[in-house]
Every structure is written in C-alpha cells, then in structure tokens.
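Data block below; observations after.
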Protein chains: 2
Amino acid sequence: MSNNSIKNRLDNQRLAEAFKALSNPNRLKIFQQLMDCCTPGTVCSTEEVTKSCVGDLGNGLDIAPSTLSHHIKELSRAGLIRMERRGQHVDCWIDPGILEQLSRFFKGDPNP
Amino acid sequence: MSNNSIKNRLDNQRLAEAFKALSNPNRLKIFQQLMDCCTPGTVCSTEEVTKSCVGDLGNGLDIAPSTLSHHIKELSRAGLIRMERRGQHVDCWIDPGILEQLSRFFKGDPNP
DNA sequence: ACTATATTTCGAAACATGTCGAATAATAGT
DNA sequence: ACTATTATTCGACATGTTTCGAAATATAGT
C-alpha cells in the first residue's frame with residue numbers, strides 16, 4: 001500500500017508524535033492559547049503588542065521558564081507550531097494546515 | 001473566568017488523556033483499525049464473523065497479547081473506545097461521538 | 001471435570017518524560 | 001562595556017510508560 005502517496009498526509013509516526021505533543025496538559029494549554037490568539041499563519045503579537053509569545057504562553061501555567069521553553073520546542077518538533085526569533089522575543093504560531101489535517105483525521109477522511 | 005477555569009481544566013485533562021492514548025504508535029494503529037472496520041456505535045464483528053476484536057486488533061502489530069490488552073484498556077480508559085465481553089471474546093468499538101468531538105476541537109469550535 | 005481458546009493481571013526491566021535550578025546565549029538600551 | 005530582559009541548554013532526579021513472560025481468569029465445547 002502506498003500510504004505516503006500524498007505528501008500532506010500524516011503517517012502513523014508523525015500522527016503519534018503530534019498526539020504525544022498534545023498529551024501533556026501544560027503543552028495542550030499552550031497549544032490552545034495559540035489557537036485562541038493566532039489564526040494559522042499569523043504571528044501572535046500584533047504591531048502594537050510587542051510581547052513575546054514564548055513568555056506570554058507561560059502565563060497561568062506555573063512552570064519554570066526552562067520547562068516552558070522545552071514544551072514549546074516539543075510542539076515545534078512535532079510540527080504543530082512554528083517559531084521565529086524577533087528581537088529579544090521568539091514568536092510562535094500554529095503551523096498553517098495542521099489543524100485542518102488533524103481535524104480531518106478524526107473524520108476518517110482517506111485523504112487528510 | 002472563575003467557573004470556566006475549573007471546567008476548562010477538566011476539559012483540558014480529558015483531552016490530554018485522549019491524546020496520550022493516541023500518542024503510542026501501536027495504540028494509534030489499533031484505533032485506526034477500529035476506525036476502518038467499525039462505524040461509531042456498531043460492534044466490529046458482524047453476525048457471521050465471530051472473531052474477537054481484541055484478538056484481531058493485534059494482527060500485524062507484533063506485540064504480546066498482554067501488551068495488546070494493556071493498550072486496549074488504555075484506549076478504553078481514555079474514553080476513546082468501548083468494550084464488552086461477548087462469550088470468549090471481547091468486542092471493541094469506537095466510542096460514539098468521540099470522533100466528532102476531537103474533530104471539532106481542531107476546528108476551534110467552542111463545544112464541550 | 002477437563003481441555004482449548006481468549007483475555008487479563010501481575011511483577012519486573014528498560015526506557016522516556018516532566019520538571020527544576022543553574023548556567024549560558026541572544027538581543028536591546030543605556 | 002554594562003545591564004536588563006528573554007529564551008535556551010544542561011545536568012539531575014523523580015515519575016511514568018512500554019513491553020515482556022508467567023500466572024490467573026473467563027468462557028465454550030467436549
């Protein structure tokens with residue numbers, strides 16, 4: 001079976017990694033915060049808000065900065081979010097397309 | 001935000017557990033097999049097929065029966081699948097509604 | 001009762017994860 | 001250069017997960 005025929009399709013391994021990234025309550029909260037504040041492909045901080053996404057995403061989580069950094073890196077390695085340095089800060093946003101792909105997986109679509 | 005806080009934490013917890021259940025490649029394969037063979041709410045084995053779902057779900061996974069049993073229990077504890085004994089076998093099927101709920105989560109719909 | 005098949009429970013070993021604090025790097029503004 | 005802010009890396013420790021094999025349980029058919 002050529003289950004990799006379509007490039008955009010998430011195979012078993014990549015899917016499992018995405019779910020693993022979301023399996024930690026703190027990481028899931030970070031992801032949800034990004035879902036709330038960022039439309040896919042758009043950087044979280046607008047022009048007038050110069051705060052860093054990384055720092056902001058720790059609000060209400062009660063974890064050390066090193067732990068926050070680690071979680072965000074995990075989300076990035078799993079392909080769920082993107083990050084880019086912007087001065088002192090590092091902006092984060094949800095990978096464009098990943099929400100659609102994961103949503104379709106649970107619909108049982110043969111072409112996620 | 002005060003009563004939402006508790007509600008969100010519970011939702012967050014339950015969601016994280018669902019994703020954790022799907023974070024293991026073998027468990028994900030089991031779940032996908034159930035997605036393929038079972039429509040939600042319908043027992044996998046039809047009248048003429050008297051095979052057990054639990055035993056069948058181990059096909060092609062190369063894991064010990066005890067490991068398979070453990071994984072299926074995890075999927076059940078996470079609320080992703082249902083199981084019921086039927087004679088010697090234990091039938092498994094996907095929890096009706098869970099696919100819709102998870103699909104909607106990634107669409108950002110405000111839905112329990 | 002005995003046997004065969006299907007599934008679960010238990011104990012254990014190897015490995016992975018979440019978390020922290022301390023140290024380090026990157027950048028901006030004095 | 002110095003300092004402040006932000007974010008990352010590192011080492012460490014406690015806890016959790018994956019997996020197995022052996023033993024136990026459940027059920028059906030003889």
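Labels below follow one simple rule: chain letters A, B, ... track the order of the sequence lines, proteins then strands, and each chain is numbered from 1.
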Atom pair distance, as rounded to whole Å: NE2 in B:His89 and C1' in D:dT25: 16 Å

Phosphate-side-chain proximity, B:Ser69 and C:dT8, N/O vs OP1/OP2 below 4.0 Å: yes

Parallel, tilted or perpendicular: ring planes of B:Phe106 versus A:Phe31, cut at 30 and 60 degrees: perpendicular

Length of the CD-P vector between B:Gln88 and D:dT27, whole Å: 10 Å

Under 4.0 angstrom between A:Arg86 side-chain N/O and D:dT6 OP1 or OP2: no

Presence of B:Asn24 side-chain N/O under 4.0 Å of D:dT17 phosphate oxygens OP1/OP2: no

Pairwise 5' ranking along DNA chain C for A:Pro65 and A:Gly87, keeping only the more 5' one: A:Pro65

Euclidean distance, atom CG of residue B:Leu75 to atom C1' of D:dT17 [Å, nearest integer]: 14 Å

Protein-nucleotide distance (A:Arg77, atom CZ; C:dA16, atom P), rounded to Å: 12 Å

Side-chain heavy-atom pair A:Asn24, B:Phe19 within 4.5 angstrom cut-off: no

Salt-bridge present (B:Glu74, B:Arg77; N to O < 4.0 Å): yes

Whole-Å distance separating the NE2 atom of B:His70 from the C1' atom of D:dA23: 18 Å

For atom CG of A:Leu22 and atom P of C:dG18, their distance in whole Å: 12 Å

Touch class at under 4.0 angstrom, heavy-atom based, for A:Ile63 against every strand present: sugar-phosphate

Whichever of A:Thr67 and A:Arg85 has its nearest DNA chain C nucleotide further upstream toward 5': A:Thr67

Phosphate-side-chain proximity, A:Lys20 and D:dT17, N/O vs OP1/OP2 below 4.0 Å: no

Test item: B:Arg85 side-chain N/O and B:Val90 main-chain N/O as donor-acceptor pair under 3.5 Å: no

Contact under 4.0 Å: B:Arg27 side-chain N or O vs D:dT18 OP1/OP2: yes

Sugar-phosphate, base or nothing in reach of B:His71, heavy atoms under 4.0 Å: sugar-phosphate

Length of the line joining A:Phe19:CZ and D:dT17:C1', which is rounded to integer Å: 19 Å

Any donor-acceptor N or O pair under 3.5 Å, side chains A:Ser23, B:Ser23: no

Base D:dG21 paired with B:Ser66 side chain (donor-acceptor, <3.5 Å): yes

Whole angstrom value for the distance that separates C1' of C:dT9 from CG of B:Leu68: 14 Å

